[in-house]
Amino acid sequence: MTTLLSSDTLLSNATVIDGSGAPGYQADVLLRGERIQRIAPPGSLLAAVSAESGHHHIDASGLVLSPGFIDMHAHSDLSLLLNPDHEAKLSQGVTTELLGQDGLSYAPVDEPTLAAIRQKIAGWNTNPVDADFTFDWRSVGEYLDRLDRSAIATNAAYLVPQGTVRALVVGFDDSAASPEQLCRMREVVRESMEQGAVGLSSGLTYTPGMYADDAELAALCSVVAELGGFYAPHHRSYGKGALAAYAEMIALAQQTGCPLHLTHATMNFAENKGRAAELLALIDQALGAGLDVSLDSYPYLPGATTLSALLPSWATAGSPEDTLARLTDPPTRAAIREAVEIYGSDGCHGVVAEWQTVEISGVQRPELAGYVGQTVEQIAQQEEREAFEVFVDLLIRDGLATGILQHVGHEENVRQIIKHRTHTGGSDGILVGSKPHPRAWGTFPRFLGHYSRELGLLSLEEMVHHLTGRPAARLRLAGRGLVREGYAADLVLFDPEQIADRATFDQPCQPSVGIQAVFVNGELAVDAGRLTGVRAGRTLRRHSDGSTQ
């Protein structure tokens with residue numbers, strides 16, 4: 001008979017969906033410390049419950065016990081430090097997040113690069129100026145150490161952001177890297193992965209990452225492949241030319257042997273309505289040729305980014321001050337307008353801006369708060385101005401920090417991509433702004449409630465596999481991502497009939513329902529649907545054998 005310790009947690013009579021895709025089964029599951037100690041037939045451990053005292057017992061009858069959800073595209077790089085309760089993610093069952101996305105984050109940096117990056121992605125993460133908050137890191141290793149010292153709420157892995165590396169070595173201008181600079185970028189990527197990063201990200205519609213040509217990307221990806229990591233590109237277009245952009249990344253993987261993870265894989269804008277099958281055929285062809293390709297997506301139609309991202313790349317070269325100067329120079333402003341409204345800017349995926357689809361989701365300056373929730377077109381009509389003038393005025397007044405939603409997605413594409421055999425879940429959740437995209441709070445329950453239970457797109461076992469075991473395999477997580485004896489006790493206990501997202505575009509910061517408990521490294525972080533205040537997360541770092549621990 002198993003003897004329980006006072007610190008043990010027993011979940012009895014649970015329906016275990018173990019993350020492998022296998023059918024669920026009934027079991028008692030015993031947690032000891034940070035690990036799953038034992039999985040036994042249902043009711044078999046209850047005798048120990050009556051004989052011992054001091055342990056924690058949860059009757060999980062009628063509930064599903066699954067691995068904790070893994071967010072393969074998170075923007076919690078500062079939120080984990082600034083908002084340590086991290087309710088948005090814990091309340092939807094996320095226990096591990098992948099940071100450093102879209103080629104822009106806060107390490108590795110030097111002082112000038114950090115200052116510019118902070119301003120550049122303020123719309124993603126804010127730009128804290130509180131004297132109590134210090135950016136006391138420069139390298140990837142130092143950033144990961146800061147997360148660990150801060151007792152973070154979820155586990156966190158990190159991608160080396162290629163745009164930040166380029167800014168550090170080459171700068172923010174549109175210039176080719178010299179052989180010496182390319183050598184140094186390779187060294188920085190290597191050093192960052194040796195300090196724990198699990199791969200490389202790019203933002204190839206964002207400056208300065210978009211200035212890298214394929215040869216430069218291949219040189220960096222070859223280092224990543226050598227060290228057992230993977231490449232996660234936000235590629236050069238999700239609109240006009242999207243399929244060619246996906247094909248470019250697949251060719252890069254074939255050339256370098258680097259595993260490829262297509263991040264927030266979508267087919268957006270009018271040009272791509274109903275074309276998801278073409279993307280998936282491209283991926284299947286690559287898989288058939290032996291390439292290692294996977295993808296993630298979010299279960300919503302609109303995208304989210306910054307308002308400044310719609311500018312052409314030449315207008316955002318250099319520092320944020322350079323960009324603002326161009327916006328106030330009449331001839332340059334006219335050229336920007338031509339690029340955005342006539343030809344389609346590369347920052348807007350080669351698509352002409354449709355101002356009725358661009359909704360303001362967050363601002364940095366309090367005096368602009370009244371614009372949140374309105375489209376650029378609506379603001380223009382109310383103020384009897386041209387939409388382009390509203391666009392530029394907001395950029396200038398808000399210091400390029402305005403966040404937006406772009407209502408450009410297609411439901412048929414979303415459903416087809418979710419069903420793909422290499423699909424994983426990624427929220428791409430922006431956690432700042434007064435009306436952020438609801439995916440930051442609702443992604444994972446929406447996969448399970450709306451797309452699995454209500455639409456029957458995938459069985460519950462298949463959907464859990466997409467959100468747990470499959471991303472764990474991509475990250476090469478050692479002893480995580482499945483309900484197995486000896487594995488880390490990152491777990492979610494939820495009601496399969498009730499789990500659902502409650503975040504909406506009008507009220508986006510609403511916790512989901514149906515999640516009873518969340519364990520992070522064996523600690524109870526959510527109990528009866530409420531945060532406990534326990535923060536038991538840690539960084540998960542790449543090791544010399546390529547595994548992540």
Side-chain angles (χ1 to χ4, degrees), residues 19-20 33-36 67-74 76-77 80 94-101 105-108 137-162 164-165 185-201 220-232 253 256-261 263 292 294 296 424 468-490 520-523 536-549:
S20 70
E34 299 181 357
R35 299 282 164 183
I36 299 171
F69 307 134
I70 298 174
D71 190 341
M72 287 294 287
H73 193 107
S76 304
D77 306 48
L80 281 164
V94 171
T95 59
T96 295
E97 301 179 82
L98 183 58
L99 313 178
Q101 299 285 353
S105 190
Y106 304 94
W137 66 83
R138 296 297 176 266
S139 70
V140 168
E142 290 168 348
Y143 170 68
L144 296 176
D145 288 344
R146 170 65 180 274
L147 291 177
D148 279 334
R149 289 198 307 273
S150 301
I152 55 178
T154 61
N155 301 313
Y158 190 77
L159 295 165
V160 188
Q162 170 258 329
T164 299
V165 172
M185 282 192 283
R186 283 169 54 88
E187 289 175 355
V188 171
V189 171
R190 181 179 297 277
E191 291 164 1
S192 298
M193 291 193 65
E194 288 174 346
Q195 293 166 12
V198 299
L200 178 75
S201 78
L220 302 184
C221 284
S222 65
V223 176
V224 176
E226 177 189 340
L227 296 178
F230 64 94
Y231 180 42
T256 62
C258 187
L260 178 66
H261 182 77
T263 195
D292 183 356
S294 58
D296 67 65
T424 64
T468 61
R470 185 177 290 165
R474 166 51 78 205
L475 292 170
R476 301 185 67 178
L477 294 181
R480 293 179 189 269
L482 298 172
V483 181
R484 294 278 194 275
E485 291 183 354
Y487 273 53
D490 294 336
V520 180
N521 293 310
E523 298 286 338
R538 65 174 60 141
T539 61
L540 302 177
R541 311 191 192 201
R542 177 201 162 273
H543 285 242
S544 59
D545 63 357
S547 68
T548 303
Q549 302 177 38

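Residue numbers count from 1 along this sequence. Side-chain atoms are counted along with the backbone in the values below, which use heavy atoms only and exclude waters and symmetry mates.
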Can you see which heavy atom on [X] is nearest to which on [Y], and at what distance?
X      : Y      : result
Ala197 : Arg542 : O-CB, 3.2 Å
Ala225 : Cys258 : CB-CA, 3.7 Å
Thr95  : Gly68  : OG1-CA, 3.3 Å
Gly229 : Pro259 : O-CD, 3.5 Å
Leu80  : Ala153 : CD2-N, 4.2 Å

Kindly indicate whether the side chain of [X], heavy atoms from C-beta on, has any atom under 4.5 Å from the side chain of [Y].
X      : Y      : result
Met72  : Leu475 : yes
Arg476 : Val198 : no
Gln195 : Ser139 : yes
Thr164 : Tyr106 : no
Val224 : Met193 : yes
Leu220 : Val160 : no
Asn155 : Asn521 : yes

Approximate separation, where rounding is to 0.5 Å, of [X] [atom1] and [Y] [atom2]:
X      : Y      : atom1 : atom2 : result
Arg35  : Tyr487 : CZ    : OH    : 10.0 Å
Leu147 : Glu142 : CG    : CD    : 12.5 Å
Asp490 : Thr468 : CG    : OG1   : 11.0 Å
Ile36  : Leu482 : CD1   : CG    : 9.0 Å
Ser105 : Tyr158 : OG    : OH    : 3.5 Å
Asp77  : Leu99  : CG    : CG    : 4.5 Å

Would you find a donor on one side and an acceptor on the other, under 3.5 Å apart, between the side chain of [X] and the backbone of [Y]?
X      : Y      : answer
Ser150 : Arg146 : yes
Asp148 : Thr539 : yes
Ser192 : Val140 : no
Gln162 : Val189 : no

Salt bridge check, Arg186 against Glu226: does any charged N sit closer than 4.0 Å to a carboxylate O?
no
Test side chain to side chain donor-acceptor pair (under 3.5 Å) applied to [X] - qualifying residues, sequence neighbours left out:
X      : answer
Asp292 : Arg474
Thr154 : Glu97
Thr263 : His73, Asp296

side-chain contact (heavy atoms from CB on, under 4.5 Å) partner of His261, chosen from Pro471, Ser294, Ser201
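Between His261 and the candidates, side-chain contact (heavy atoms from CB on, under 4.5 Å) is satisfied uniquely by Ser294.
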